[in-house]
Amino acid sequence: MTNKKIVILGFLIATGIILQLMESLLPFFIVVPGFKIGLANIIVIVALELYGPKEMMIEGLTRVLLASLLQGTIFSISFWLSLSGAIISMLFMIFGKRIKVFSLFGISILGAIGHHIGQVCTITFLYQQYYMQVYLPLLLALSIPSGLLIASIAQVVIERMKSRKEGWHG
């Protein structure tokens with residue numbers, strides 16, 4: 001990995017942490033427990049599109065770990081929910097990218113779907129509370145508008161990064 005790529009990944013990780021911390025401060029008035037738009041996934045998608053699955057996983061996992069450290073929630077329930085959601089989300093996005101059927105918007109929606117599945121499975125496992133699965137259809141439905149929003153923002157970021165004189169590919 002080149003120095004340029006390491007610096008850019010560091011920048012992406014820092015930006016993802018900021019977005020995750022900002023979103024945790026926003027009040028969200030939806031009846032579904034645990035629903036968030038997923039602002040940090042903008043950066044995950046940027047990393048996948050500009051660099052690939054390995055760099056996306058590095059960005060996503062490092063972001064979850066460091067943001068949890070900064071929030072003081074490391075190894076808490078919210079950490080495990082965030083980590084499981086991130087891992088499943090990234091696996092869904094890698095799958096979507098590899099089969100070359102989905103656009104950036106489809107990949108983003110797959111990521112949102114994966115995130116919700118990962119969180120519901122984790123909460124069910126940790127608490128043995130199967131009633132949380134009742135929320136899954138609503139969470140999956142909310143994955144569509146949130147995935148579209150995140151993809152539209154990520155697309156703008158990707159286009160701007162690609163348009164730079166020397167580019168951001170390292």
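Sequence positions, counted from 1, serve as the residue numbers for this chain.
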Problem set entry | Evaluation steps, side chain to side chain contact (heavy atoms under 4.5 Å, CB included), between I74 and L65 | CA-CA 7 Å; I74 191 75; L65 180 67; 3.4 Å; yes

Donor-acceptor pair, side chain of [X] and main chain of [Y], under 3.5 angstrom:
X: E23; Y: I37; value: yes
X: S82; Y: S78; value: no
X: S108; Y: F105; value: no
X: S143; Y: L139; value: yes
X: S89; Y: G111; value: yes

Problem set entry | L83, I117, I87, L81 screened by side chain to side chain contact (heavy atoms under 4.5 Å, CB included) with T122, the one that passes |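 By the side chain to side chain contact (heavy atoms under 4.5 Å, CB included) criterion, T122 pairs with just one of L83, I117, I87, L81: L81.
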
Problem set entry | L21: which of I17, I18, L25, L19 passes side chain to side chain contact (heavy atoms under 4.5 Å, CB included) | I17

Flag side-chain contact, heavy atom, 4.5 Å: [X] against [Y]:
X: V44; Y: L12; result: no
X: V64; Y: L61; result: no
X: L50; Y: K162; result: yes
X: Y51; Y: V46; result: no
X: I45; Y: V157; result: no
X: M90; Y: P53; result: no
X: I94; Y: M56; result: yes

So, taking the atom named [atom1] in [X] and the one named [atom2] in [Y], what distance separates them when rounded to the nearest 0.5 Å?
X: I13; Y: I6; atom1: CD1; atom2: CD1; value: 10.5 Å
X: L136; Y: T124; atom1: CG; atom2: OG1; value: 8.5 Å
X: Q20; Y: L70; atom1: CD; atom2: CG; value: 9.5 Å
X: Q155; Y: R160; atom1: CD; atom2: CZ; value: 12.0 Å
X: L9; Y: T62; atom1: CG; atom2: OG1; value: 8.5 Å
X: L149; Y: I144; atom1: CG; atom2: CD1; value: 14.0 Å

Exercise. With the 4.5 Å side-chain cut-off for hydrophobic clustering, are F125 and L91 part of the same group?
Worked result: yes

For this session: Is it possible for you to say whether I109 and V156 belong to one hydrophobic cluster, with membership spreading through side-chain heavy-atom contacts below 4.5 Å?
Result: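 No, separate clusters.
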
Exercise. Is there any side-chain hydrogen bond (donor to acceptor under 3.5 Å, both in side chains) pair reaching into residues 90-105, and which pairs are they, with sequence neighbours excluded?
Worked result: E49-K97

Problem set entry | Considering all heavy atoms, the nearest T73-F79 contact | O-CB, 3.2 Å

For this session: State, to 0.1 Å, how close S146 and A112 come at their nearest heavy-atom pair, and which atoms those are.
Result: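 Heavy atoms only, the tightest pair is OG-CB, 4.1 Å.
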
Problem set entry | Residue list, side-chain contact (heavy atoms from CB on, under 4.5 Å) with I99, at least two apart or on another chain |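 Applying side-chain contact (heavy atoms from CB on, under 4.5 Å) to I99 gives F95, V101, F102.
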
For this session: Show your reasoning for whether side chain to side chain donor-acceptor pair (under 3.5 Å) applies to Q71 and S24.
Result: CA-CA 9 Å; Q71 290 176 305; S24 72; 2.9 Å; yes

Exercise. Parallel under 30°, tilted from 30 to 60°, perpendicular over 60°: which one fits the rings of F75 and W80?
Worked result: tilted

For this session: Run the numbers on I77 and I123 for side chain to side chain contact (heavy atoms under 4.5 Å, CB included), then give the verdict.
Result: CA-CA 8 Å; I77 296 299; I123 205 76; 4.2 Å; yes

Problem set entry | All pairs passing salt bridge (charged side-chain N to carboxylate O under 4.0 Å, His left out) where residues 52-77 contributes a residue, at least two apart |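 Passing the test, one end in residues 52-77: K5-E55, E59-R63.
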
Exercise. So, Q133 and Y131: side-chain donor and acceptor under 3.5 Å apart, yes or no?
Worked result: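 Note: Q133 and Y131 side chains miss the donor-acceptor criterion.
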
